[in-house]
Amino acid sequence: MAADVADLAGGKPVGFGLIGTGMSGGFVARELQHVEGGFLVAVCSRSRERVQAFAAEHGAPRWYTGVRELIADPQVDVVCVLTPTGLHGSMTVAAARAGKHVLVEKPIEATVAAGEHMVRVCREQGVRLGVIFQMRFGRVARMLGELLRGGGLGDIWLADAFDKASRSPAYYARAAWRGTRDLEGGGCLMTQSIHIIDLIQHLVGPVASVVGRTATKRHAIEVEDAAVALLRFDSGAMGVVESTTAIRPALRSRIEIHGERGTVIANAQYDQFLVWEVDGIPGPPDLPESPDWLDTDDPWAYPQTRHRVQLQDMADAIREDRDPVLTGEEALRSLRVVKAIQRSSRLGREVAVAPAPDR
């Protein structure tokens, strides 16, 4: 059993155990080194050779090849579930029932029902559940949130999310779970674009309904590699989502928010503003004169320090006996939007987005 709340609230460092040694595992292990009051206890992967090398590289004192072994480690306070999406639920539930807090990679799960089950079990067990959406922890999210909460753009008319990435066939071939309905739950909408879908709905408000179309254009996968959708927000604002991993070359993702007092366009992936034209409110001093729209197809190239901020929040939340900033309930919102787009495409009609449970 991990340290109890009283011990953690008293200042005891929070121990993190990582399940998964892929790209997300690398990001988290690297950024944990900079988290005050948090440290890496153990890592887990099915491959003995891989997990041993990962533990040595990142200074983890212990490694395991079994998930339950890591969960049972008495020094692990937070289990980080960094595995294929469709495995998040079973691992989260096992950790929660062992009294461990959980931080899970986005999306929360491959289906809304599985995500809701995770949230319910964690609440019943009295443990904290956080979900990694690192773009919520950068400058773009912070400044746009302040601008919109303060009414700086007035009424919001249009809120758009564009994410035109490039992934080679080898990207999907390297991992058998990618591009599958059961383990990924979707393609470009689920794994790539859910970041900016999460951000746009967080900033502008809940999405009420969608009209979506999805397709598989380039890759031999079970799920979408291209998608478009019309959004209707509760506030009355409208929006567009464009998502793909099929084009070449990759283009930098962006969100565009247009209101009665101006326009802001930003790239949240690199945490940069591209356009800021707002009545009476000056923009950041580093706006580019000529934005660069081209992007790399290497996910390792994106800034990682926002993972550090979210990991710090998780450690602080446990010591302070509070919810993390981005809870399981909050993560369900973007998943509901993605699933509504997929369902709308199947049915050929507008689909309402059920509200996520509040906490």
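Excluded from the calculations below are hydrogen atoms, water molecules and symmetry mates; all remaining heavy atoms, backbone and side chain alike, are included. Count residues from 1 along the sequence.
Note on Arg128 versus Glu320: no salt bridge recorded, every NZ/NE/NH1/NH2 to OD/OE distance being 4.0 Å or above.
Using a distance-only test at 3.5 Å, with no hydrogens or angles considered, no donor-acceptor pair links the side chain of Arg167 to the main chain of His219.
Just one residue in the list Leu70, Thr83, Leu82, Ile71 forms a side chain to side chain contact (heavy atoms under 4.5 Å, CB included) with Met91, and that residue is Thr83.
Judged as a side chain to side chain contact (heavy atoms under 4.5 Å, CB included), and not counting sequence neighbours, the contacts of Arg142 are Arg139, Glu146. In this view, Phe162 satisfies the ring-ring contact (aromatic ring centres under 6.0 Å, His included) rule with no residue, not counting sequence neighbours. Here Glu109 pairs with His88, Ala114, Met118 under the side chain to side chain contact (heavy atoms under 4.5 Å, CB included) rule; sequence neighbours left out. Remark: His258 pairs with no residue by the ring-ring contact (aromatic ring centres under 6.0 Å, His included) rule, at least two apart or across chains. By the ring-ring contact (aromatic ring centres under 6.0 Å, His included) test, Phe39 pairs with no residue at all, sequence neighbours left out. Annotation: ring-ring contact (aromatic ring centres under 6.0 Å, His included) contacts of Trp63 (sequence neighbours excluded): none. Residues satisfying the side chain to side chain donor-acceptor pair (under 3.5 Å) test with His34, not counting sequence neighbours, are none.
Relative ring orientation between Phe273 and Trp276 is described as perpendicular, the plane-to-plane angle rising above 60° on a 0-90° scale split at 30° and 60°.
A chain of hydrophobic side-chain contacts below 4.5 Å, direct or via other Ile, Leu, Val, Met, Phe, Trp or Tyr residues, connects Val278 to Ile156.
Here salt bridge (Lys or Arg N to Asp or Glu O under 4.0 Å) pairs that include residues 199-222, with residues two or more places apart or in two chains, number zero. Residue pairs meeting the salt bridge (Lys or Arg N to Asp or Glu O under 4.0 Å) criterion with at least one member in residues 191-200, sequence neighbours excluded, are Arg136-Asp198. Contacts classified as side chain to side chain donor-acceptor pair (under 3.5 Å) and involving residues 148-160 (residues at least two apart or in different chains) are not found. Contacts classified as salt bridge (Lys or Arg N to Asp or Glu O under 4.0 Å) and involving residues 175-184 (residues at least two apart or in different chains) are not found. Note on residues 53-70: pairs passing salt bridge (Lys or Arg N to Asp or Glu O under 4.0 Å), not counting sequence neighbours, are Arg62-Asp73.
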